[in-house]
Amino acid sequence: MDTGNPYPTLVVTKYMGSKKAILPFVADELTRLTEPGDITVDLMAGTHTIGYAMKQRCRIVSNDIQRYSLVIGHTLLNYNPQPQFEGALREAFKRYYRINGRHLEELFEPGLRREKVMLSRDTDERPDWEDYRDFCEGHPYFMRSTDATDWPEEYLLLFKPQRIAAYRAFNKLEPYSLFSLYYANSYLGVRQCIELDSLRYAIDKLCDEWILDNGDLGLDPFGLRCLLLSGLIAVLNRINPGPGHWAAFQRVSQHNRDYLVAQRRIPLYELFLTKVAGLESALSKNPSPYAPHITMNEDFVAFMREVYEYIKQAKVVYLDPPYSQGHYSRFYHLIETLVLYDYPEIAYTGRYRTGRHQSPFAHKDKVAGAVGQVCQTAREAGVVLVVSYSRGGVVPDCEAFRGILEGHYPSEKIEFRQLSSVHSKLGQAKRMRTEEYLFTCRP
Ligand SMILES: C[S@@+](CC[C@H](N)C(=O)[O-])C[C@H]1O[C@@H](n2cnc3c(N)ncnc32)[C@H](O)[C@@H]1O
């Protein structure tokens, strides 16, 4: 089907507010404002839809507060096709994966054994949905506020706070077991957590140790780490039974049991290889003449200060802020933890990281000030500012948003475009009609 989109896209994970669905609306404007080789600054790049679409034309300087975004951005913008993830590299990876996996299989044997029955394909053997619900809800996890009963004492000891404190203090303690200790039977299954932890372990071992021991191969550890972590994010996205974020996990019910079971049967190792190969294949077809591009991971204010010299040389600063009151740090906490792998404190039913970033763009009383900071920097630097926004956000409509911009630009310096679109509104059954806005502000 011809979607009328001439720009390349590559989706690592579904993302709220991704510009994929309205890419030409934004990218045509950025193309109109730039010449080949010009700098475009992407202040809040998310999944780097814009950088990926524009990297053939522009030098990209991108940023986002979330660490997973840096990983995705470095992969999408700076992937280097040589050498690919195969041969000796892949063999070493598999060895590491098995070492961690074997260790975890022993430790988490009670959970694994019960899960095997719950996920059985033999319908005579498989317990009914209420048993599966009880199994999931009765499973221990770190910081569980009620006692998990009916489990061997030594199994329960694994999840004790003192033990997790040691993991947190001694970075990279083995075996890697964060997901097994925090999320088994919530967002993914027990075996899947073991596989994910072991894939994460193999990525670190390969990039921290194996590459150094094999320096003659000339591999870039950071580039490889970002590629493999992007593959792992894509795996989590694929097995997510939810709607494209991780704000909540589904309780087992009669209605969703078969679906959850099917999702939790998916083996992750092969899926991971497929995802990495898919990324490599797509990325090799979209190289950039201007690589390496700059990708950063800062609050937008610190970022603008740090790269101010680039901003002065840039043709466009593009701002695509959060529109809604929900924080990205909540919706995407699971992939943030996958990347940071730092054994965080967690809270609430969704087991979110505590101390998550709270964006001013998600607060009614802070959003105008935050937009103003971007406007002031862009004006001082003498660069065009392009802003995306959507109807029904924290700033409710285009008049209100225009009002904020007019506090910083004369009205005749602001151009306005609008596009009717259908939002998938991740998590809501109905797709919603909305209006997408694009403001172009000249200094
Ligand atoms: C609408 S999304 C961007 C989507 C992106 N254009 C895409 O297509 O994937 C908004 C982004 O703003 C980031 N963000 C929120 N507050 C921020 C801050 N204070 N500094 C930097 N980035 C921030 C979020 O992490 C999120 O990725």
Side-chain angles (χ1 to χ4, degrees), residues 5 7-27 29-30 40-55 60-73 75-77 230 233-234 237 244-247 295-307 311 316-336 339-340 353 356-363 366-367 369-374 377 386-395 401 421 423-426 434 436-438:
N5 173 25
Y7 299 96
T9 57
L10 181 54
V11 176
V12 172
T13 176
K14 286 187 195 166
Y15 205 58
M16 281 165 43
S18 156
K19 291 293 150 293
K20 179 168 177 269
I22 58 159
L23 191 51
F25 178 58
V26 180
E29 177 65 349
L30 299 179
T40 292
V41 178
D42 191 358
L43 276 181
M44 300 185 181
T47 48
H48 295 262
T49 321
I50 295 301
Y52 192 71
M54 297 297 296
K55 72 175 187 172
I60 310 291
V61 179
S62 67
N63 176 60
D64 198 283
I65 192 80
Q66 299 295 137
R67 187 71 68 87
Y68 57 78
S69 172
L70 173 83
V71 164
I72 295 172
T75 304
L76 263 54
L77 302 184
S230 298
I233 292 170
N237 176 60
H245 58 69
W246 292 271
T295 50
M296 290 180 61
N297 174 216
E298 307 255 14
D299 178 71
F300 71 106
V301 178
F303 167 75
M304 290 191 302
R305 205 178 306 125
E306 228 165 287
V307 302
I311 294 182
V316 187
V317 168
Y318 174 60
L319 170 65
D320 183 21
Y323 313 146
S324 72
Q325 288 180 344
H327 290 286
Y328 280 80
S329 57
R330 178 163 78 91
F331 285 99
Y332 296 96
H333 68 104
L334 208 67
I335 53 175
E336 188 72 350
V339 169
L340 295 174
R353 306 170 61 82
R356 289 171 296 108
H357 173 255
Q358 308 282 307
S359 183
F361 290 91
H363 288 280
K366 294 188 185 154
V367 59
V371 174
Q373 282 176 295
V374 179
T377 306
V386 174
V387 187
S388 280
Y389 212 73
S390 185
R391 179 165 56 80
V394 176
V395 182
F401 205 93
S421 82
H423 260 197
S424 74
K425 284 271 170 190
L426 302 178
T434 189
E436 302 287 348
Y437 309 144
L438 202 63

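Atoms within a ligand are numbered from 1 in the order they appear, just like the ligands themselves.
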Residue and atom name of the nearest protein heavy atom (relative to atom 2 (S) of ligand 1), distance in Å to one decimal: Y328 OH, 3.3 Å
At the 4.0 Å heavy-atom cut-off, does H327 count as touching ligand 1? no
For the 3.5 Å polar cut-off, considering only N or O atoms, please tell me whether Y323 and ligand 1 meet it. no
How far is atom 12 (O) of ligand 1 from its nearest protein heavy atom, and which residue and atom is that? M44 CB, 3.3 Å
Under 4.0 angstrom from ligand 1, any heavy atom of E298? yes
Between V12 and T47, is there a side-chain heavy-atom distance shorter than 4.5 Å? no
Within-cut-off N or O pair, S359 and ligand 1, under 3.5 Å: yes
Which of these, S390, S18, A21, A45, has its nearest heavy atom closest to atom 5 (C) of ligand 1? A45
What part of P321, side chain from CB on, backbone N/CA/C/O, both or neither, has a heavy atom under 4.0 Å from ligand 1? backbone
Are the side chain of S69 and the backbone of G46 linked by a donor-acceptor contact shorter than 3.5 Å? yes
Is the backbone of H327 close enough, under 3.5 Å, to the side chain of R330 for a donor and an acceptor to pair up by distance? no
At under 4.0 Å between heavy atoms, which part of Y15 makes contact with ligand 1: side chain, backbone, both or neither? side chain
Suppose we measure from atom 11 (C) of ligand 1 to each protein heavy atom; which comes out shortest, and what is that distance? D64 OD2, 3.5 Å
Where the closest heavy atom to atom 22 (N) of ligand 1 is concerned, which of D320, I22, I65, T9 has it? I65
Side chain to side chain contact (heavy atoms under 4.5 Å, CB included) partners of N63, counting only residues at least two apart: M296, E298, F303
Note: S329, heavy atoms under 4.0 Å from ligand 1, region reported as neither
R67 atom CZ: more than 12 heavy-atom contacts under 6.0 Å: no
Between T49 and ligand 1, does any nitrogen or oxygen pair lie at a separation below 3.5 Å? yes
Non-neighbouring partners of V301 that pass side chain to side chain contact (heavy atoms under 4.5 Å, CB included), sequence neighbours left out: D299, R305, Q373
Could you tell me whether the side chain of K55 and the main chain of A53 form a donor-acceptor pair under 3.5 Å? no
Mark up the atoms of ligand 1 that fall under 4.0 Å of a heavy atom belonging to G17, in ascending order. 1 (C), 4 (C)
Is a donor on one side and an acceptor on the other found under 3.5 Å between the side chain of S329 and the backbone of H357? yes
Look at ligand 1 and say whether D299 reaches it with a heavy atom at a distance under 4.0 Å. yes
Do the ring planes of Y68 and Y332 sit parallel (below 30°), tilted (30 to 60°) or perpendicular (above 60°)? tilted
Exam field: side chain N297 to backbone I65, donor-acceptor pair closer than 3.5 Å: yes
Could you list the atoms of ligand 1 found under 4.0 angstrom from a heavy atom of Q66? 25 (O)
V395 backbone acceptor or donor facing Y389 side chain under 3.5 Å: yes
Please could you name the atoms of ligand 1 that H357 approaches to less than 4.0 Å, counting only its heavy atoms? 16 (N), 17 (C), 18 (C), 19 (N)
Is the backbone of Y15 close enough, under 3.5 Å, to the side chain of H245 for a donor and an acceptor to pair up by distance? no
Consider every N or O of F300 and every N or O of ligand 1, then say whether any pair is closer than 3.5 Å. yes
Taking atom 9 (O) of ligand 1 as the point of reference, which of T47, N63, V12 owns the nearest heavy atom? T47
